[in-house]
Amino acid sequence: MEKAYNPQSIEQKWYDNWEKNNYFAPSGEGNPYCILIPPPNVTGSLHMGHAFQHTIMDTLTRYHRMKGDNTLWQTGTDHAGIATQMVVERQLAAANIKRQDLGRDAFIEKVWEWKHQSGGTITQQMRRLGNSTDWSREAFTMDDNCSNAVKEVFVRLFDEDIIYRGKRLVNWDPKFHTAISDLEVENHEEKGFLWHFRYPLANGAKTADGKDYIVVATTRPETMLGDTAVAVNPADERYKELVGKSVMLPLVNREIPIVADDYVDMEFGTGCVKITPAHDFNDYDVGKRHNIALVNIFSKDASIRTTAEAFDYKGKTLEDFDGRLPEGYPGLDRFDARKKIIADFEQKGLLDSIKDHVLQVPRGDRSNEVVEPFLTDQWYVAVESLAKPAIEAVEQGDIKFVPENWSKTYFQWMYNLQDWCISRQLWWGHRIPAWYDAEGNVYVAEDEASVRKKYNLDESVELSQDNDVLDTWFSSALWPFATLGWPEETKELETFVPSSVLVTGFDIIFFWVARMIMMTLKFTGKVPFKEVYITGLIRDESGEKMSKSKGNVLDPIDLIDGIDLESLVEKRTGGMMQPQKAEKIAKRTRKQFADGIESYGTDALRFTFCALASTSRDINFDLGRVEGYRNFCNKIWNAARFVLSNTEGEDCGQNGGEMELALADRWIWGRLQTAIADYEKHITEYRFDLASSSLYDFIWNEYCGWYLELSKPVLSSDASSDAAKRGTRHTLVNVLDNILRLAHPMMPFLTEEIWQRLAPLAGNDGSTIMTQSFPSYDESRVDSAAVADLEWVKLVVEGVRNIRGEMNISPKTTVPLLVHNGNAEDKRRLQENETFLSTLAKIESIQWTEADDELPMAATSLVGDMEILIPMAGLIDVEAEKARLTKELDKIGKEKARLAGKLSNPNFVDRAPEAVVAKEKEKLAEVEGVLSKLEEQKAQLDNM
RNA sequence: GGGCGCUUAGCUCAGUUGGGAGAGCAUCGCCCUUACAAGGCGAGGGUCACUGGUUCAAGUCCAGUAGCGCCCACCA
């Protein structure tokens with residue numbers, strides 16, 4: 001074995017081996033255990049969030065596989081409609097080509113090309129991470145299975161009137177020319193203005209205070225071209241007389257009514273609101289109540305139309321509407337139109353005032369363009385009937401959120417669910433299985449032939465398919481059953497629905513989790529998963545969200561392989577949307593990673609993710625932690641080197657033979673059981689942080705720190721019997737074997753590499769650690785007496801080490817040890833463990849002294865009532881020892897005062913449970929004993 | 001406006017039913033001791049954000065305050 005742990009040289013070969021041997025497929029035996037991967041974007045690449053969640057999923061998967069469950073980690077990727085289309089369009093743009101130039105079919109062909117070309121990136125990266133997903137079942141949301149499921153679901157929901165088509169206001173992205181759902185709109189505060197416009201009253205009407213106009217306030221002046229009413233609150237005395245009268249809409253010169261509606265807040269602005277039903281969601285509702293026409297003034301790119309068009313609320317065009325728009329406006333971009341409107345109002349003396357105003361601006365999550373409420377024909381899912389059982393499933397505990405708190409977020413959204421707009425005016429995606437005849441009648445079935453059959457349409461009827469595609473999340477919603485073969489009644493469907501746990505971020509609870517619950521319940525009658533483990537978001541070390549524009553992104557692969565500074569700077573600053581930030585980012589990066597990033601390997605990265613995975617909290621990713629856990633890998637590596645070098649070619653008891661277990665052997669077997677129990681408890685509760693830390697503590701501090709040291713004297717001493725040596729070798733090998741199996745789910749590569757060499761010594765001929773049984777707690781292995789004895793040995797060693805450390809006694813120097821005031825138990829332990837003590841504390845001789853023996857001047861320490869002494873002659877500075885004792889006295893004195901105070905409080909003694917009081921008394925007695933001994937020792941020194 | 005979360009050592013974070021404040025990294029001292037200097041041994045370091053309450057006892061429970069963050073929502 002190499003002297004230092006080198007992840008590069010061991011990782012990839014094992015992954016290839018596992019994959020080739022098909023170890024990732026379900027065994028077909030045992031209890032079903034299934035995790036569905038949240039399908040990453042097929043053309044995407046692995047970011048820290050993926051790496052984190054995949055580590056959690058893989059750890060669970062490997063753990064359950066070893067537990068003997070019939071384990072499936074269902075994998076696959078998502079076609080990610082807008083995101084993917086954007087990427088390909090951007091590439092074409094570089095060659096000066098628009099998708100319209102290519103036409104639909106050729107463009108889609110290009111996207112598939114891109115998918116084939118870059119679609120392997122993320123799956124390759126998942127392999128680097130060691131993810132044991134069953135690749136033979138890899139799915140894609142646009143493959144035949146999923147497409148069939150999508151069509152089937154769409155048709156069934158349409159036939160049940162749950163999917164419908166309607167002309168309504170939607171969130172329109174003027175950049176991509178498509179509708180988007182409410183969820184894809186991000187509202188953020190931005191600074192803007194509130195413009196106050198004067199609308200002249202028509203037909204000589206006057207306000208109560210004699211003015212011939214009323215003032216409306218708006219944040220979006222350009223929409224006034226589509227105003228069809230002005231609204232006031234019915235209770236507003238100022239405008240009561242004007243309700244039913246009308247104003248002359250400036251510029252357009254259209255007479256529009258003044259209506260009364262409770263929606264209007266009298267306190268806000270002037271109490272008069274312009275109503276533009278075709279360009280504002282609130283106004284739409286107001287307009288609908290008063291049956292005021294919808295006037296659309298925008299084209300698809302949100303520029304002003306040549307002429308406005310008007311509709312009623314059933315979507316019917318109002319043919320006799322005069323849609324002329326004022327000169328100079330048609331064709332203007334909305335923001336230019338805004339400027340011109342303001343200028344025109346000012347020029348006409350109708351601009352009353354302008355006030356600063358902070359408002360919520362809705363932007364498309366992909367385009368970052370200001371989204372327009374826009375009147376279009378779209379497909380919707382009526383969610384009410386689907387939501388009810390989905391809410392109940394969580395209420396009744398059929399689905400549990402972990403941490404439980406997230407169910408509140410889920411309920412909050414589910415109780416206020418709006419119909420889901422599922423059509424997108426894109427080309428990349430599942431084309432909607434709907435056809436129209438020349439009259440615009442709609443027919444829905446899987447394909448055109450089915451349509452003709454279902455609706456009895458012969459060949460003479462011309463049909464054309466709907467041009468729109470479905471929201472990406474529509475197919476994602478079917479993931480839990482579409483990937484398992486639905487609508488066929490497959491064995492997988494039977495076995496793995498519901499899946500065991502969904503591991504995902506809170507950011508897609510609405511987008512994805514809720515919709516999977518609704519759809520899976522609807523179509524399989526079962527919940528999609530029993531638990532939802534919500535992970536935190538990975539942020540940078542100071543809590544900032546990782547983003548390209550901030551320049552703080554870490555690539556998990558760079559943490560695995562390492563990267564030099566220049567490449568990192570180039571990666572962070574290349575191809576930026578805002579190149580002006582590049583310099584700052586480069587500077588920051590150079591400062592933070594002066595030497596680039598070291599190669600830490602996959603196992604260290606995975607272990608770090610586990611260690612950071614505490615609940616209900618975002619994760620500030622700290623590179624220091626990775627380094628620490630890389631060192632942990634090295635620790636395990638070297639422990640294995642030690643074990644192998646002492647056991648290979650030796651008799652480790654694997655073939656029988658008499659074995660005698662030393663105290664240390666019995667102790668470590670017992671400690672192992674505790675480690676197993678702790679680990680399993682924590683994993684079951686999704687506390688990967690606690691599981692990893694108990695593992696870390698056991699391996700580093702107990703197995704390496706104590707046990708390996710304790711094994712040395714047994715192995716090297718001539719006094720040890722063959723049986724004892726065999727017992728210790730056996731323990732070294734088999735406890736390590738258990739450690740490797742415990743650690744395997746989190747650190748698959750390192751453990752496999754070592755296990756392969758270790759297995760024969762443990763009498764094991766399995767071909768991979770992946771399919772070994774997971775260690776289970778074995779009470780018969782816990783020897784409490786041995787544990788107590790060894791804890792005593794540790795105390796003695798620590799006592800001596802403390803003196804040595806504080807007194808700066810060189811590690812090379814061996815020291816004599818005197819023991820005083822010990823009891824019979826101490827004496828036994830001392831005699832039985834002289835070798836351990838001598839080796840671990842570097843003691844040259846041990847001398848038992850009786851109560852009345854004369855003692856030399858010495859530095860002392862206490863183990864219970866027993867004093868241990870290291871004579872000072874030539875070794876110890878009296879003043880230093882005095883200082884050490886004073887420090888100790890001080891600490892113990894404070895503790896005594898605290899305990900005595902507590903026990904002298906009658907309230908405590910009377911009211912606290914007896915056991916607690918007794919415990920405190922016991923502690924006080926102990927502390928007092930220690931104190932008096934320390935004082936005695938100090939007095940002795942003072943007398944020198 | 002509604003909902004959720006966070007504040008513990010210099011940094012990143014644990015702390016489960018209330019009962020002696022912990023880990024890793026960083027720091028300081030001594031050591032290249034035959035598994036490991038990516039290491040060993042020892043040490044220092046905290047008014048648990050603040051205020052009040054409940055309790056014999058509060059990092060932990062309750063109320064409030066401050067700061068930070070997130071989600072949802074139609075005030076023009």
Give the rounded distance in Å between these two atoms: CG of A:Asp678 and P of B:U16. 15 Å
Can a donor-acceptor pair under 3.5 Å be found between the side-chain atoms of A:Glu920 and the base atoms of B:A57? no
Remember a base hit wins even if backbone is also touched, and classify A:Pro906 as base, sugar-phosphate or nothing at under 4.0 Å, heavy atoms. nothing
With a 3.5 Å limit on both atom pairs, tell me what B:U54 is paired to, counting Watson-Crick and G-U wobble, or say none. none
In whole Å, measure the gap between the P atoms of B:U51 and B:A58 for me. 14 Å
A:Asn620 vs B:C13: side-chain N/O to OP1/OP2 distance below 4.0 Å: yes
Paired nucleotide for B:A23 [Watson-Crick or G-U wobble; both distances under 3.5 Å]: B:U12
Using OP1 and OP2 only, check whether a side-chain N or O of A:His357 sits under 4.0 Å from B:A76. yes
Looking only at side-chain N and O atoms, does A:Ser181 offer a donor or acceptor that is under 3.5 Å from a partner on A:Glu184? yes
In whole Å, what separates the P atom of B:A23 from that of B:U65? 36 Å
Any heavy-atom pair between the side chains of A:Trp637 and A:Asn6 that's under 4.5 Å? no
Between the side-chain atoms of A:Lys635 and the base atoms of B:C36, is any donor-acceptor pair under 3.5 Å? yes
Atom P, compared across B:G2 and B:C61: separation rounded to whole Å: 24 Å
What does B:U7 pair with, Watson-Crick or G-U, if both distances are under 3.5 Å? B:A66
Determine the Euclidean distance between corresponding C1' atoms of B:G59 and B:C50; express it in Å to zero decimal places. 14 Å
Cationic N near anionic O, under 4.0 Å, A:Arg641 to A:Glu2: no
Counting side-chain heavy atoms from C-beta on, which of B:A35, B:C71, B:A14 comes nearest to A:Phe510? B:C71
Quick check for you: among B:G19, B:A14, B:G42, whose closest atom lies nearest to any side-chain atom of A:Ser614? B:A14
Looking at the side chain of A:Tyr696, which of B:C36, B:A76, B:G24 is the nearest nucleotide? B:G24
Output the rounded distance in Å from CG (A:Leu795) to P (B:G42). 12 Å
For B:A35, take OP1 and OP2 only and decide whether either is under 4.0 Å from a side-chain N or O of A:Lys712. yes
Complement of B:G46, any strand, by Watson-Crick or G-U distances under 3.5 angstrom: none
Validate the cation-pi geometry between A:Arg801 and A:Trp706: distance from NZ or CZ to the six-membered ring centre under 6.0 Å, angle to the ring axis within 45°. yes
Counterpart base for B:G39, defined by Watson-Crick or G-U wobble contacts under 3.5 Å: B:C31
Could you tell me how far B:C31 sits from B:C68 if I compare only their C1' atoms? Round to whole Å. 45 Å
Is there a side-chain contact between A:Val185 and A:Asp365 in this structure, where contact means two heavy atoms from C-beta onward sitting under 4.5 Å apart? no
Side chains of A:Lys902 and A:Ser904: do they bring a donor and an acceptor to under 3.5 Å? no
For the pair made of CZ in A:Phe281 and P in B:C74, what is the distance, rounded to whole Å? 9 Å
Think A:Asn802 has a side-chain N or O under 4.0 angstrom from the OP1 or OP2 of B:C41? no
When the C1' atoms of B:G20 and B:G52 are considered, how many whole Å apart are they? 27 Å
Interatomic distance, A:His357 atom NE2 to A:Leu194 atom CG [nearest 0.5 angstrom]: 5.0 Å
Using a heavy-atom cut-off of 4.0 Å across all strands, would you classify A:Arg630 as base, sugar-phosphate, or nothing? base
Within 45° cone of A:Tyr696 ring axis and under 6.0 Å: A:Lys635 NZ or CZ: no
Across all strands, who's sitting opposite B:G59 as a Watson-Crick or G-U wobble pair, both distances under 3.5 Å? none
Looking only at atom P, what distance separates B:G44 and B:U8, rounded to whole Å? 23 Å
Pick the P atom in B:A37 and in B:C32, then give their distance to the nearest Å. 13 Å
Under-4.0 Å side-chain N/O to phosphate OP1/OP2 contact, A:Trp706 with B:G40: no
Using a heavy-atom cut-off of 4.0 Å across all strands, would you classify A:Cys272 as base, sugar-phosphate, or nothing? nothing
So what does A:Gln412 hit on the nucleic acid, given a heavy-atom distance under 4.0 Å: a base, only sugar-phosphate, or nothing? base
On the nucleotide B:C32, are OP1 or OP2 found under 4.0 Å from the side-chain N or O atoms that A:Lys812 carries? yes
Can you tell me if the side-chain N/O atoms of A:Ser810 get under 4.0 Å from OP1 or OP2 in B:C31? no
Indicate whether OP1 or OP2 belonging to B:G39 is found under 4.0 Å from a side-chain N or O atom of A:Asn634. no
Within the structure, does a side-chain N or O atom of A:Asn631 lie under 4.0 Å from either OP1 or OP2 of B:G39? yes
Choose from B:G24, B:A14, B:C70 the nucleotide whose nearest atom is closest to any side-chain atom of A:Arg687. B:A14
Name the nucleic acid region contacted by A:Lys887, choosing base, sugar-phosphate or nothing; use a 4.0 angstrom heavy-atom cut-off, strictly under. sugar-phosphate
Counting any heavy atom closer than 4.0 Å, what does A:Lys3 reach on the DNA or RNA strands: base, sugar-phosphate only, or nothing? sugar-phosphate
The nucleotide from B:G19, B:A38, B:A76 with an atom nearest the side chain of A:Lys902 is B:G19
So which one's nearest nucleotide on RNA chain B is more toward 5', A:Ile809 or A:Gly269? A:Ile809
